[in-house]
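Working notes, structure below.
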Amino acid sequence: MSVKLNWIGYKTLVRKEIKRIVRIWGQTIVPPAITMTLYFIIFGNLIGKRIGQMDGVDYMTFIVPGLVMMSVITNSYGNMVSSFFGAKFGRHIEELLVSPLPSYVIVAGYVSGAMTRGLIVGFVVSLIAMQFTHIAVHNILITVSIAILTSILFALAGMVNAIFAEKFDDIAIIPTFILTPLTYLGGVFYSISLLPEFWQKVSAFNPIFYIINGFRYGMLGQSDVSIGTAYVIILAFIGLLGGLCLWLVHTGKGLRS
Amino acid sequence: MQKMALEITDLIKTYANGVEALKGVSLSVEKGDFFALLGPNGAGKSTMIGIISSLVNTTSGEVKVFGDSVQKNRSNAMRHLGLVPQEHNFNQFETPLDIVVNQAGYYGLTRPLALERAEKYLRQLQLWDKHDKPSRQLSGGMKRRLMIARAMVHEPELLILDEPTAGVDIEIRREMWEFIKGINEAGTTVILTTHYLEEAEQLCRNIAIINHGKLVENTDVKSLLASLDMETFLLDLREPMSVPPSVEGISTRLLDSTQLEAIIPKERSLNNLFSALDQAGVRVLSMRNKTNRLEELFMRMINDDNQDKTEGSAA
């Protein structure tokens, strides 16, 4: 009985989140599409022509997986952090906290909403990329599964940020000072083989490096790391952050007085 | 055995900053009751409501809603409960219909039923013509009624209203009273906090007063009012007076030359006062209670309790 009730609660929460994404499409879908189009034109087309090839493929094709992943990462994270913190700040998170919904349904509902935006934007960016270069997906299962898992991972990370945030500045600090640098240094625009040995070793500590390379393997069939390692790293972080989110929502840290 | 709607046992709440909001409150509310929870600002009412609705964690003690423990079986306890909070806590960018339908979904109502119930309550609370407008466009009174519709959509057995009529005009307030009375008559247990003591006196059958995190009084409204031994009246006089009439057992004073205040013990007759005024050749134009009867008792209890605290700390 409660499974059925919780399922209805989950669907309601996901519908509400999707409606929010659609209601403010000018903020959620359009800006990343414009930004990525500029990346493709400037880095891929103009500068890329001079660079030539990277790891055996032309530079435009090389950067496509990284830019798609960058969109998935920033939009999953951004959707969660703005929606969840907005609900906390506006106090309408209380609608959920006083309801009978268990913590895992609240976490799952918000994560599904954030995943939806991350994957929609990732799909839109892929369509834009197709206007600039031909992409033959090497392994559709790996490509899709890495995209889905990545959106889950960064939705969870966004939730942790939103739970601990007390003011709007707190939800801008992590994306600006941690997420963006790690994404740029995760091999979106270059192969790790270009780096000196020391920086190659440093890159090995960047989880986003594995995610981008895992996705690149799925799309292009080539990667700086093994696909197995990428899955293990992503799943380990999902387990860690998922457990943390469940514990935080269950105990009410940052949510209940 | 009939379940109690609410059982609170030895409830203690100490916030992280050291403030002791509740200091061992025990209280029960019977099924079907219309119950007033009163107390001055900062007495601990909102903390208590926060704990009942699981928005605030307890330091110790237990709360049961229709037999289900909020601390041990939160989901089941919350299914019995509807909450109308003091502050607006809905998404101002969503429409009233979405807000109410979503809340129904969180309680497991199917979408067709949620839509049906949302329309029913939005119509009853005269909000249907605004159902598809962004809720930020609603007036203050409409926002309060929206929170009542949201709390009622899953038809809870216990409805808690935290100052539902604060800041709304008298016409809307009376309409809200009628609505809430109707809900109670239909079987829903209602707990109300309010600063309008007239509201508590007119609507509620039982009452609890808390002050400084402790229960000061917990009884039925009739017994409480019966314990009132003095009443204060204001009399508007046709002719001005310079000296208040002296009447045995009644304390009188002039507020101005045509307004007389009389504090009359319950066992005394008002006739004595009118006789004295008649003898002085003063005619009374009108007479009214200076304060609401419950308000008089409330102020006395709170003042007595505050005095005890002061003396206790001085000792």
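We name chains A, B, ... by the order of the sequence lines, and we start the count at 1 in each one.
In A:F40, the CZ atom is crowded: over 12 heavy atoms of neighbouring residues, nucleotides or ligands sit closer than 6.0 Å. The environment of CZ in B:F93 is sparse: at most 12 heavy-atom neighbours from other residues, nucleotides or ligands sit within 6.0 Å. Environment of CD in B:Q137: crowded, with over 12 heavy atoms of neighbouring residues, nucleotides or ligands closer than 6.0 Å. Atom OH of A:Y231 has more than 12 heavy atoms from other residues, nucleotides or ligands within 6.0 Å.
Here the straight-line distance linking atom CE of B:M78 with atom CG of A:L97 works out to 11.0 Å at 0.5 Å rounding. Between the CG atom in A:N6 and the OG atom in B:S75 there is a gap of 6.5 Å [rounded to 0.5 Å]. Rounding to the nearest 0.5 Å places CG of B:L113 at 9.0 Å from CD1 of A:I8. In this structure, OG on A:S99 lies 12.0 Å from CG on B:L83, to the nearest 0.5 angstrom. Atom OH of B:Y106 sits about 9.0 Å away from atom CD1 of A:I106, to the nearest 0.5 Å. Expressed to the nearest 0.5 Å, how far OG1 of A:T12 lies from CG of B:D98 amounts to 11.0 Å.
Contact annotation for A:R23: only side-chain heavy atoms (C-beta onward) come within less than 4.5 Å of a heavy atom of chain B. Within the 4.5 angstrom heavy-atom criterion, no atom of B:T47 approaches chain A. Contact of B:R74 with chain A is made through the side chain alone, with heavy-atom distances under 4.5 Å. Neither the backbone nor the side chain of A:K11 comes within less than 4.5 Å of any heavy atom in chain B.
A 4.5 Å side-chain heavy-atom check between B:Q103 and A:V98 finds at least one atom pair inside the cut-off.
Between chain A and the options B:V101, B:L81, B:N91, heavy-atom pairs under 4.5 Å are most frequent for B:N91. When the candidates A:A87, A:S257, A:P100 are compared by the number of heavy-atom contacts under 4.5 Å with chain B, A:P100 comes out ahead.
Using modelled atom types, no side-chain atom of A:R91 and backbone atom of B:H88 make a donor-acceptor pair closer than 3.5 Å.
Summarising the geometry of A:E94 relative to B:L55, their closest heavy-atom pair is CG-CD2, 3.7 Å, with the distance given to 0.1 Å. Heavy-atom minimum distance, B:N57 versus A:T251: ND2-O, 3.3 Å.
Exactly one of A:E95, A:H92, A:K16 qualifies for a side chain to side chain contact (heavy atoms under 4.5 Å, CB included) with B:I99. That residue is A:E95.
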All N/O donor-acceptor pairs, side-chain side in residues 153-161 of chain A, below 3.5 Å, sequence neighbours left out:
from: A:N161; atom 1: OD1; to: A:Y77; atom 2: OH; distance (Å): 2.7
from: A:N161; atom 1: ND2; to: A:D170; atom 2: O; distance (Å): 3.1

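Residues of residues 108-129 of chain A lying under 4.5 angstrom from chain B, judged on non-hydrogen atoms, do not exist.
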